[in-house]
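Numbers for residues simply follow the sequence, beginning at 1. Predicted model only: the values in this text are computed from it and were never measured.
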Amino acid sequence: MMTMLPIPKMETERGKLYEGDCLSILPQLTSECVDLIFADPPFNLGKEYSSKMNDSVPERDYLDWCKNWCDELVRVLRPGGSFFLFNLPKWNLPLGAYLGEKLTFRHWIAVDIKYTLPIPKRLYPSHYSLLYFIKGQKPAIFHPDRLPIKTCPHCGKEQNDYGGYKDKMNPSGVSLTDVWYDIPPVRHTKYKKREANELSLKLLDRVVSLASDPGSVVLDPFGGSGTTYIAAELLQRKWIGMELDCSDIVDRFENIQGDEDYLARISTVKNTLFTQESLRLRRQFGHDTSKYRLNGNGCESNVQPNGQPILF
Ligand SMILES: C[S@@+](CC[C@H](N)C(=O)[O-])C[C@H]1O[C@@H](n2cnc3c(N)ncnc32)[C@H](O)[C@@H]1O
């Protein structure tokens, strides 16, 4: 799969992590060896990275740099493979147009996270752009998670009115849309250094689950604190990682249990119509759930109130 690669900084059962510039490592990978790419580059906002890279360069230089690694990523992607690019809308607009000449556009996913204070005379920026492309016409792998019905966190009542359609709803949950409103910002007290740039493991769990299978190869050229690699490792995918300064990633793998516990927790709040917590609240506040068919992994029962099994 690979040619003259440097010695990895770290290896696990499933992954290899290379310390260095992705632009010198990527050319060492053979073409079309990767099923899923997730890239979350620096946004050229003048942030300080532990690697001391320059995150404030002229716009033209930033876009040229992005296009260089995008070209390499397109080359290493297998036909049918998926490419996710996470960035500010400002950068994903030109980069999306560039990638659209080489790959097939699938979605502009709005990841609803507020990331600055309101800016005078502008709309309040409240989403990151997650571009989703595939190589060729059809995705080789596509199985998006389903989400629970949105309910009031205090009483468990539905936030939308499903009227007479309750019994028609998929017991595994609501279809995933291209607006992801449930991704929490990451706030660490334990790993202060990671705080500024780390993405939520919930986001990477969703992307990795959607566009890869156990045994697939996942690549992220901008490791940061290693969220993509942690998701890949825990979901039994192979992975290839690169980062200028790998120390946070190595630390994180040494303490992977917390991430494993978190992943186990979030797996109980997806692919189900109601979470255990919303069912508990609904019972407490007297909201009728009997019209829904319940069979998801967070649901308490797959029998109807009259004791008959639910048939699908
Ligand atoms: C926005 S952060 C990625 C955060 C990551 N997604 C996470 O959840 O932890 C971008 C990372 O890219 C790294 N980086 C910047 N230029 C790089 C390059 N040329 N090659 C490899 N990594 C680079 C930076 O050191 C930084 O850690």
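One distance of note links CG of Leu73 with CG of Leu99; it measures 8.5 Å at 0.5 Å rounding. Between the NZ atom in Lys9 and the CG atom in Asp245 there is a gap of 8.0 Å [rounded to 0.5 Å]. Considering CD1 of Ile134 and NE2 of His107, their distance stands at 9.5 Å, rounded to 0.5 Å. To the nearest 0.5 Å, the span separating CD1 on Ile37 from OG on Ser82 amounts to 9.0 Å. Separating the NZ atom in Lys166 from the NZ atom in Lys291 is a distance of 7.0 Å, to the nearest 0.5 Å. Distance OG/Ser247 to CZ/Arg252: 13.0 Å, rounded to 0.5 Å.
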Worksheet item: When you look at Cys66 and Asn68, which way does the side chain to side chain contact (heavy atoms under 4.5 Å, CB included) test go after all the steps?
Response: CA-CA 5 Å; Cys66 290; Asn68 282 340; over 6 Å; no

Practice prompt. Show the numbers, then the answer: is there a side chain to side chain contact (heavy atoms under 4.5 Å, CB included) between Thr177 and Tyr181?
Written response: CA-CA 10 Å; Thr177 74; Tyr181 56 83; 5.5 Å; no

Item to complete: Step by step, work out the side chain to side chain contact (heavy atoms under 4.5 Å, CB included) result for Asn87 and Leu130.
Response: CA-CA 7 Å; Asn87 210 323; Leu130 178 60; over 6 Å; no

Fill in: Derivation of the side chain to side chain contact (heavy atoms under 4.5 Å, CB included) call for Phe86 and Leu203
CA-CA 11 Å; Phe86 188 84; Leu203 176 68; 4.0 Å; yes

Discussion item. Let's go through Arg206 and Asp182 carefully: what are the C-alpha distance in whole Å and the side-chain angles of both, what is the deciding distance for salt bridge (charged side-chain N to carboxylate O under 4.0 Å, His left out) to 0.1 Å, and is it a yes or a no?
Written reply: CA-CA 11 Å; Arg206 182 165 298 163; Asp182 59 336; 2.6 Å; yes

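Between the side chain of Glu198 and the backbone N or O of Ser225 there is no donor-acceptor pair closer than 3.5 Å. Judged purely by atom type and a 3.5 angstrom limit, Arg237 has no side-chain atom pairing as donor or acceptor with the backbone of Val218. In terms of modelled atom types and a separation under 3.5 Å, the side chain of Arg78 and the main chain of Val217 share no donor-acceptor contact. Although no hydrogens or angles enter the test, the distance criterion places a donor-acceptor pair under 3.5 Å between the side chain of Glu243 and the main chain of Gly224. Although no hydrogens or angles enter the test, the distance criterion places a donor-acceptor pair under 3.5 Å between the side chain of Asn92 and the main chain of Leu85. Of the possible donor and acceptor atoms, one in the side chain of Asp55 sits under 3.5 Å from a partner among the backbone N and O of Gly46. At least one donor-acceptor pair closer than 3.5 Å links the side chain of Thr104 to the backbone N or O of Gly136. Side-chain atoms of Ser267 come within 3.5 Å of backbone N or O of Ala264 as a donor-acceptor pair. The backbone N or O of Ser209 lies less than 3.5 Å from a partner atom in the side chain of His143, making a donor-acceptor pair. Remark: side-chain polar atoms of Asn44 are paired, donor with acceptor, to backbone N or O of Val57 under 3.5 angstrom.
The 12-atom threshold is not exceeded at NZ of Lys238, counting heavy atoms of other residues, nucleotides or ligands nearer than 6.0 Å. Counted within 6.0 Å of NZ on Lys67, heavy atoms from surrounding residues, nucleotides or ligands total more than 12; the atom is thus considered enclosed. More than 12 heavy atoms of other residues, nucleotides or ligands sit less than 6.0 Å from atom CD of Gln284. Within a 6.0 Å sphere centred on CD1 of Ile7, other residues, nucleotides and ligands contribute 12 heavy atoms or fewer. The environment of OH in Tyr165 is sparse: at most 12 heavy-atom neighbours from other residues, nucleotides or ligands sit within 6.0 Å. Within 6.0 Å of atom CG in Leu123, 12 or fewer heavy atoms from other residues, nucleotides or ligands are found, so the atom counts as exposed in its surroundings.
Ion pairing between Glu260 and Arg265 fails under the 4.0 Å rule for side-chain N and carboxylate O. A salt bridge does not link Arg293 with Asp167: every distance from a Lys NZ or Arg NE/NH1/NH2 to an Asp or Glu carboxylate oxygen is 4.0 Å or more.
The stretch residues 145-160 participates, sequence neighbours left out, in these salt bridge (charged side-chain N to carboxylate O under 4.0 Å, His left out) pairs: Asp145-Lys270, Glu158-Arg282. Annotation: ring pair (Phe, Tyr, Trp, His ring centres under 6.0 Å) contacts involving residues 230-268, sequence neighbours excluded, comprise Tyr229-Trp239, Trp239-Phe253. Counting only residues at least two apart or on different chains, the salt bridge (charged side-chain N to carboxylate O under 4.0 Å, His left out) pairs with a member in residues 81-90 are Glu59-Lys90. Identified under the salt bridge (charged side-chain N to carboxylate O under 4.0 Å, His left out) test for residues 118-139, with sequence neighbours left out: Glu32-Lys135.
A 4.5 Å side-chain heavy-atom check between Asp40 and Asn197 finds every atom pair outside the cut-off. Taking 4.5 Å as the limit, some side-chain heavy atom of Met169 sits within range of a side-chain heavy atom of Ile149. Between Leu63 and Tyr98 there is no side-chain heavy-atom pair separated by less than 4.5 Å. For the pair His127/Ile113, no side-chain contact is recorded, criterion being any heavy-atom separation below 4.5 Å from C-beta on. Here the side chains of Pro8 and Leu17 are not in contact, with every heavy-atom distance at 4.5 Å or above. In this structure, Leu204 and Ile230 have side chains that are not in contact, with every pair of non-hydrogen atoms separated by 4.5 Å or more. Residues Lys202 and Pro184 are in side-chain contact: their nearest non-hydrogen atoms beyond the backbone lie under 4.5 Å apart. Between Leu219 and Asp35, every side-chain heavy-atom pair lies at or beyond the 4.5 Å cut-off.
Ring orientation note: the planes of Trp65 and Tyr62 are tilted relative to one another, at an angle of 30° to 60°.
Between Thr289 and Leu294 the shortest heavy-atom distance is CG2-CD1, 4.1 Å. The shortest non-hydrogen separation linking Ile119 to Pro125 is CD1-CG, 3.8 Å.
With sequence neighbours excluded, no residue satisfies side chain to side chain donor-acceptor pair (under 3.5 Å) with Tyr128.
A donor-acceptor contact under 3.5 angstrom links the side chains of Asp220 and Thr228, judged on distance only. A donor-acceptor pair shorter than 3.5 Å cannot be found between the side chains of Asn271 and Ser172. Donor-acceptor pairing under 3.5 Å is recorded for the side chains of Asp261 and Gln257. Side-chain atoms of Thr275 and Arg280 include no donor-acceptor pair closer than 3.5 Å.
Geometrically, Arg106 engages Phe142 in a cation-pi contact defined by less than 6.0 Å to the ring centre and at most 45° from the axis.
Between Phe222 and the choices Phe43, Trp69, Phe38, the ring pair (Phe, Tyr, Trp, His ring centres under 6.0 Å) rule is met once, by Trp69. Exactly one of Cys155, Cys152, Ser278 qualifies for a side chain to side chain contact (heavy atoms under 4.5 Å, CB included) with His287. That residue is Cys155.
Hydrophobic cluster of Ile141: no remaining members, since no ILVMFWY side chain lies below 4.5 Å from it.
Checked against the 6.0 Å centroid threshold, Phe83 and Phe133 do not count as a close aromatic pair.
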